[in-house]
Enquirer: 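Attaching a single structure in structure tokens format; questions to follow.
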There are 2 protein chains.
Amino acid sequence: MSQSYSDVSVQVIHSEPCVFRDIFVSVTNKWSVQIILLAIARGPIRFTELERSIPGISRRMLTVTLRQLERNGLIVRTVHPTVPPKVEYTASDVARELENAFEQLGAWVERHREFIAAAQETYDNERVEVAAS
Amino acid sequence: MSQSYSDVSVQVIHSEPCVFRDIFVSVTNKWSVQIILLAIARGPIRFTELERSIPGISRRMLTVTLRQLERNGLIVRTVHPTVPPKVEYTASDVARELENAFEQLGAWVERHREFIAAAQETYDNERVEVAAS
DNA sequence: CAGAATCCATCAGGATACTG
DNA sequence: CAGTATCCTGATGGATTCTG
């Protein structure tokens with residue numbers, strides 16, 4: 001059994017008044033991941049370009065998530081005092097370290113997308129049969 | 001620039017009617033991560049042990065999340081028809097592949113916890129100063 | 001023990017309008 | 001352009017009760 005690190009992870013995730021969990025969640029949530037990846041790949045990137053590049057995000061959530069990422073030191077916000085204003089967002093070095101983990105996760109999803117779809121179908125069909133009995 | 005994979009990730013995350021994003025989110029959310037890690041580390045694990053091992057989780061969310069993970073083929077549910085009932089949960093092979101990515105993420109959080117805390121403090125102090133001006 | 005079902009509060013988050 | 005402010009709704013998720 002891979003008793004080694006897993007146990008550490010499991011314990012670690014509960015240490016400190018859940019600061020760990022808060023950080024973890026704030027980084028892996030839907031919008032954060034996409035913003036970070038875009039800032040890494042196409043950074044410095046402007047507000048409007050982010051908005052256009054992330055299907056389904058509202059102006060409000062983009063702003064809120066950007067502020068949170070900025071507050072955590074993952075995104076650097078640069079204001080160019082021009083008219084009209086120009087603001088650019090860049091991934092910090094700390095944020096760039098996330099790329100690998102995100103890649104892994106992304107690859108995992110790709111690898112098993114079909115498996116998961118099939119599992120869902122099987123599960124749902126079983127439920128139907130049970131309900132029909 | 002690490003233009004290579006990032007761009008792929010960025011595009012991939014938007015392909016298919018967001019199935020990708022759905023799967024990604026369902027796997028990285030707060031409760032799923034902890035359940036998967038526990039199932040890997042201490043698998044086969046019972047309902048009540050999960051409940052006790054995950055601080056703050058409600059019975060409802062544990063049930064709901066377990067069902068979702070089971071539906072996606074990440075957790076295998078085994079019922080022992082005894083009295084009182086005994087149900088055990090195990091991580092599937094597909095789920096076990098997530099361990100690495102979760103480890104990386106966990107290590108990242110650990111590495112930068114202090115940096116993030118400091119960044120937050122700086123950010124908040126700046127906000128206070130601006131407000132006071 | 002391992003849930004299912006129900007009820008209810010909170011809040012994430014969308015839509016829209018306004019502004020420096 | 002890059003937001004902020006406001007309003008409002010649906011989903012999330014907690015607490016509790018009931019059962020095989």
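The sequence lines fix the lettering, A, B, ..., with proteins before strands; numbering per chain opens at 1.
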Enquirer: May I ask you to say what A/Thr48 touches in the nucleic acid, namely base, sugar-phosphate or nothing, with a heavy-atom cut-off under 4.0 Å?
Expert: sugar-phosphate
Enquirer: Which nucleotide in the set D/dG3, D/dC1, C/dG3 lies at the smallest distance from any side-chain heavy atom of A/Val87?
Expert: D/dG3
Enquirer: Classify the angle between the aromatic ring planes of B/Phe20 and B/Phe24 as parallel (below 30°), tilted (30 to 60°) or perpendicular (above 60°).
Expert: parallel
Enquirer: Between B/Tyr89 and B/Phe47, how do the two ring planes meet: parallel, tilted or perpendicular, split at 30° and 60°?
Expert: tilted
Enquirer: Is there a side-chain contact between A/Tyr89 and the phosphate of D/dC1, meaning an N or O under 4.0 Å from OP1 or OP2?
Expert: no
Enquirer: Could you check whether B/Arg52 pairs with B/Glu49 (Lys NZ or Arg NE/NH1/NH2 to Asp/Glu carboxylate O, under 4.0 Å)?
Expert: no
Enquirer: Just how far, in rounded Å, is C1' of D/dA2 from CD of A/Glu70?
Expert: 13 Å
Enquirer: Send over the distance from B/Ile57 CD1 to C/dG3 P, rounded to a whole Å.
Expert: 13 Å
Enquirer: May I ask you to evaluate whether A/Arg60 reaches the phosphate of D/dT6, defined as a side-chain N or O under 4.0 Å from OP1 or OP2?
Expert: no
Enquirer: Roughly how many Å is it from CD in B/Glu88 to C1' in C/dG3, rounded to a whole number?
Expert: 16 Å
Enquirer: Please state how far atom CG in A/Leu62 lies from atom C1' in D/dT4, giving the value in whole angstrom units.
Expert: 13 Å
Enquirer: Checking only heavy atoms, does the side chain of A/Arg59 share a donor-acceptor pair with the base of D/dG3 at less than 3.5 Å?
Expert: yes
Enquirer: Please state how far atom CD in B/Glu51 lies from atom C1' in C/dG3, giving the value in whole angstrom units.
Expert: 10 Å
Enquirer: Measure from CE on B/Met61 to P on C/dA2 and round the result to the nearest Å.
Expert: 19 Å
Enquirer: So, A/Asn125 side chain and A/Thr122 main chain: donor-acceptor pair closer than 3.5 Å or not?
Expert: no
Enquirer: Take atom NE2 of B/His80 and atom P of C/dA2, then tell me their distance rounded to the nearest Å.
Expert: 10 Å
Enquirer: Give a yes/no answer on whether the side chain of B/Arg67 brings an N or O atom under 4.0 Å of OP1 or OP2 in C/dG3.
Expert: yes
Enquirer: Are any of the side-chain heavy atoms of A/Leu66 and A/Glu70 separated by less than 4.5 Å?
Expert: no
Enquirer: Return whichever of B/Thr63 or B/Arg52 has its heavy-atom-nearest nucleotide of DNA chain C closer to the 5' end.
Expert: B/Arg52
Enquirer: Please report, rounded to the nearest Å, how far the P atom of D/dA2 is from the CD1 atom of A/Ile54.
Expert: 14 Å
Enquirer: If you assign each of B/Lys86 and A/Trp31 to its closest nucleotide in DNA chain C, which residue comes earlier from the 5' end?
Expert: B/Lys86
